[in-house]
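Only one structure is covered here, and it is reproduced in the block below.
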Amino acid sequence: MKKSTSEKNSFAKDCYELLRRVPQGYVTTYKDLALALNSKAFRAVGQIMKKNPYAPEVPCHRVVCSNGNLGGFVHGKEAKKKLLEKEGLSFQKEKILNFDKHKFLFPIQKKN
DNA sequence: TATTTGACCAAGA
DNA sequence: ATCTTGGCCAAAT
């Protein structure tokens, strides 16, 4: 079964769509984003964020590593940490405290 | 078209 | 607990 031509560019697009749904005070991970797209392109997700941070429309600062580590950020990790702290998250060095507690799961996510 | 690159991940030592 | 290693996949070069 061949994929339709229209869903060729869907990866990056869907990425932003999903990320845009993440509310303040919550975070998601590169892994979960990829899995939500039925893919394992964990790294590609990060690449996309770096290249096309569609600016404040998409909260790229709410995307972190699945192990609770802060992850990366174009404007520097410290800026990212500050933003998340403002949204109510707390940190231990580079790790997020109560990580899974603030982790946002997408409506149609495969079983954890 | 082929190769390299990463804001990653999970398992080993 | 930290560090290394191999793998993974879309995008850029």
Side-chain angles (χ1 to χ4, degrees):
Chain A
M1 169 100 139
K2 182 166 112 149
K3 291 186 178 184
S4 69
T5 50
S6 55
E7 56 180 297
K8 179 171 62 167
N9 302 353
S10 63
F11 191 81
K13 188 169 175 292
D14 292 342
C15 220
Y16 297 124
E17 279 296 304
L18 288 170
L19 183 52
R20 170 186 270 186
R21 300 179 195 176
V22 179
Q24 246 186 15
Y26 283 87
V27 292
T28 186
T29 70
Y30 304 96
K31 182 180 180 182
D32 289 343
L33 277 171
L35 292 180
L37 300 178
N38 281 312
S39 179
K40 286 164 267 177
F42 317 122
R43 314 182 79 180
V45 172
Q47 290 297 76
I48 291 164
M49 294 296 123
K50 182 179 184 181
K51 290 211 108 207
N52 272 327
Y54 267 68
E57 189 63 29
V58 174
C60 19
H61 63 276
R62 295 187 194 141
V63 187
V64 297
C65 297
S66 66
N67 64 336
N69 205 17
L70 181 56
F73 196 52
V74 178
H75 307 298
K77 295 192 256 178
E78 302 174 21
K80 184 174 181 179
K81 187 180 354 178
K82 265 193 166 183
L83 283 169
L84 291 175
E85 282 175 340
K86 260 189 174 181
E87 300 194 354
L89 295 178
S90 41
F91 289 85
Q92 180 88 24
K93 310 285 185 184
E94 299 260 316
K95 299 286 198 218
I96 300 179
L97 299 179
N98 306 322
F99 174 52
D100 46 345
K101 181 176 176 179
H102 290 283
K103 199 174 144 196
F104 176 80
L105 296 191
F106 298 103
I108 337 172
Q109 177 116 12
K110 297 161 72 172
K111 74 171 185 178
N112 197 345

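Since the structure is predicted, the reported quantities are computational estimates derived from the model, not experimental observations. What you see below is based on every heavy atom in this structure, not just the backbone, and it leaves out hydrogens, waters and symmetry mates.
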Discussion item. I'd like to know whether NZ of A:K13 has more than 12 heavy-atom contacts from other residues, nucleotides or ligands below 6.0 angstrom.
Written reply: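 Incorrect, the count does not exceed 12.
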
For [X], which contact category applies under a 4.0 Å heavy-atom criterion: base, sugar-phosphate, or nothing?
{"X": "A:A41", "result": "sugar-phosphate"}
{"X": "A:V74", "result": "base"}
{"X": "A:A12", "result": "sugar-phosphate"}

Rounded to the nearest angstrom, tell me the gap between atom [atom1] in [X] and atom [atom2] in [N].
{"X": "A:F73", "N": "B:dC8", "atom1": "CZ", "atom2": "P", "answer": "14 Å"}
{"X": "A:L35", "N": "B:dC8", "atom1": "CG", "atom2": "C1'", "answer": "12 Å"}
{"X": "A:M49", "N": "C:dA11", "atom1": "CE", "atom2": "C1'", "answer": "13 Å"}
{"X": "A:L37", "N": "C:dA10", "atom1": "CG", "atom2": "C1'", "answer": "11 Å"}
{"X": "A:L19", "N": "B:dA7", "atom1": "CG", "atom2": "P", "answer": "16 Å"}
{"X": "A:N67", "N": "C:dA1", "atom1": "CG", "atom2": "P", "answer": "11 Å"}
{"X": "A:K13", "N": "C:dA11", "atom1": "NZ", "atom2": "C1'", "answer": "18 Å"}
{"X": "A:L83", "N": "B:dA7", "atom1": "CG", "atom2": "P", "answer": "18 Å"}

Item to complete: Return the nearest nucleotide to the side chain of A:K51; candidates are C:dC9, B:dA7, C:dA12.
Response: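 Within the option list, the nearest is C:dA12.
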
Worksheet item: Under the salt bridge (charged side-chain N to carboxylate O under 4.0 Å, His left out) rule, what pairs show up with a residue in residues 76-88 of chain A, not counting sequence neighbours?
Response: A:R62-A:E87, A:K77-A:E94

Item to complete: Using side-chain hydrogen bond (donor to acceptor under 3.5 Å, both in side chains) as the criterion, list what pairs up with A:T28, not counting sequence neighbours.
Response: none

Practice prompt. State plainly whether one hydrophobic cluster holds both A:V27 and A:F91, where clusters connect Ile, Leu, Val, Met, Phe, Trp and Tyr through side-chain heavy atoms under 4.5 angstrom apart.
Written response: yes

Discussion item. Looking at A:S39, I'd like to know whether one of its side-chain N or O atoms comes within less than 4.0 Å of OP1 or OP2 on C:dC9.
Written reply: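 Looking at the OP1 and OP2 atoms of C:dC9, neither is under 4.0 Å from any side-chain N or O of A:S39.
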
Worksheet item: Given B:dA7, is OP1 or OP2 found less than 4.0 Å from the side-chain N or O atoms of A:Q47?
Response: yes

Worksheet item: Is a side-chain donor or acceptor of A:N69 paired with a backbone partner of A:G71 at a separation under 3.5 angstrom?
Response: no

Worksheet item: Sub-3.5 Å donor-acceptor pair from the side chain of A:H61 to the main-chain atoms of A:L84, do we have one?
Response: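 It does not hold such a pair.
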
Item to complete: Could you list by number each residue of residues 88-100 of chain A showing a heavy-atom separation from DNA chain B of less than 4.0 Å, or answer none if no residue does?
Response: none

Item to complete: Report yes if some heavy atom in the side chain of A:Y30 is under 4.5 Å from a heavy atom in the side chain of A:I48; otherwise report no.
Response: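 Result no, sub-4.5 Å side-chain heavy-atom pair not found.
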
Practice prompt. Only counting residues at least two apart or in another chain, list the ones meeting ring-ring contact (aromatic ring centres under 6.0 Å, His included) with A:Y26.
Written response: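 Result, ring-ring contact (aromatic ring centres under 6.0 Å, His included) vs A:Y26: none returned.
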
Fill in: Sequence-distant partners of A:Y16, ring-ring contact (aromatic ring centres under 6.0 Å, His included), two or more places apart
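Residues passing ring-ring contact (aromatic ring centres under 6.0 Å, His included) with A:Y16: A:Y54.
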
Enumerate all atom pairs, one protein N or O and one N or O from nucleotides 6-8 of chain C, separated by less than 3.5 Å.
residue: C:dG7; atom: O6; partner: A:R43; partner atom: NH1; Å: 3.3
residue: C:dC8; atom: N3; partner: A:R43; partner atom: NH1; Å: 3.0
residue: C:dC8; atom: N4; partner: A:R43; partner atom: NH1; Å: 3.3

